[in-house]
Peer 1: 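Handing you this structure, nothing more for now.
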Amino acid sequence: MAKAKAFDLSAARILVTNDDGIHAPGLKAMVRIARALSKDVWVIAPDTEQSATSHSLTLRRPLRVRRFGPRRFSVDGTPTDCVLVAQHHLLAKRPADLVLSGVNHGANLGEDVTYSGTIAAAMEGALLGVRSIAFSQLRHKDGRINWATGERHGPEVVRRLMTVDWPDELLVNVNFPLCGPDEVTGIRVCRQGRRDTAIQIIEGQDPGGRDYLWLGDFLSDETSQADTDLAATAEGAIAVTPLHLDLTHKASLKPLAGVFA
Ligand code: MN
């Protein structure tokens with residue numbers, strides 16, 4: 001990518017959102033990262049947790065916006081709703097120049113990308129022509145989470161990403177590893193991977209004795225694929241993965257055209 005014509009971060013209006021909701025601890029980490037970069041930081045986030053809602057929109061009911069303070073609002077909708085309400089309504093006169101989504105409570109690696117509301121907020125930003133970055137912090141199996149790793153390294157990741165031109169529809173997915181801020185082994189640009197394990201389905205019975213199934217987490221983040229987001233974070237590196245919205249599988253265009261010729 002070419003060197004940018006200069007994206008002035010200190011003058012940028014930053015929109016902070018997430019999928020864990022306006023009261024999530026990771027949102028505080030995201031705001032700290034944003035405030036290290038610019039004074040013009042706006043928080044417009046879902047009022048309740050919206051994890052794994054992907055790129056969904058709320059179309060069949062009204063949206064309620066609640067003001068929590070200066071430059072701080074919740075929307076009773078999805079992350080995508082928040083970005084749309086921000087850019088087309090709350091910030092319509094002067095839309096954000098940069099969307100930062102997260103920091104998510106837990107990884108968004110490999111196949112997570114297709115479920116993630118955190119990444120979907122960045123997708124919506126990209127669709128609206130705004131530079132957009134999703135951030136996620138890996139969590140330990142016992143639920144512990146080290147927000148300090150992202151808070152320490154996040155601003156530098158954003159600064160570096162702003163030094164290059166962004167093609168249309170680019171969004172960037174950043175995952176912070178489990179280790180503490182001093183143990184980070186590097187910042188690695190890598191592709192989206194795939195876990196070796198499957199998602200868990202837990203069987204149980206509700207208090208009324210009725211059977212239920214509950215979709216759980218992946219058994220592990222293990223992968224046999226090198227040079228992926230999963231491999232990088234497993235080695236203590238910050239994974240930086242460029243994503244785009246064109247889902248076309250280009251290698252199949254010609255063979256499939258042959259099938260229908
Ligand atoms: Mn989440």
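Atoms within a ligand are numbered from 1 in the order they appear, just like the ligands themselves.
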Peer 1: Can we say D112 and R195 salt-bridge, meaning some charged N sits less than 4.0 Å from an Asp/Glu carboxylate O?
Peer 2: yes

Peer 1: Counting only N and O atoms by type, is there a donor-acceptor contact under 3.5 Å from the side chain of E49 to the main-chain atoms of D20?
Peer 2: no

Peer 1: Does S116 reach the main-chain N or O of I119 with its side chain, forming a donor-acceptor pair under 3.5 Å?
Peer 2: yes

Peer 1: Show me the pairs that pass salt bridge (charged side-chain N to carboxylate O under 4.0 Å, His left out) and involve residues 83-96, at least two apart or across chains.
Peer 2: R94-D97

Peer 1: Taking only protein atoms, how many N, O or S atoms are found under 2.8 Å from the Mn ion (ligand 1)?
Peer 2: 4

Peer 1: If we ignore angles and hydrogens, is there a donor and acceptor under 3.5 Å between the side chains of D211 and Q205?
Peer 2: yes

Peer 1: Ring centres under 6.0 Å, that's the criterion: do H153 and F135 meet it?
Peer 2: no

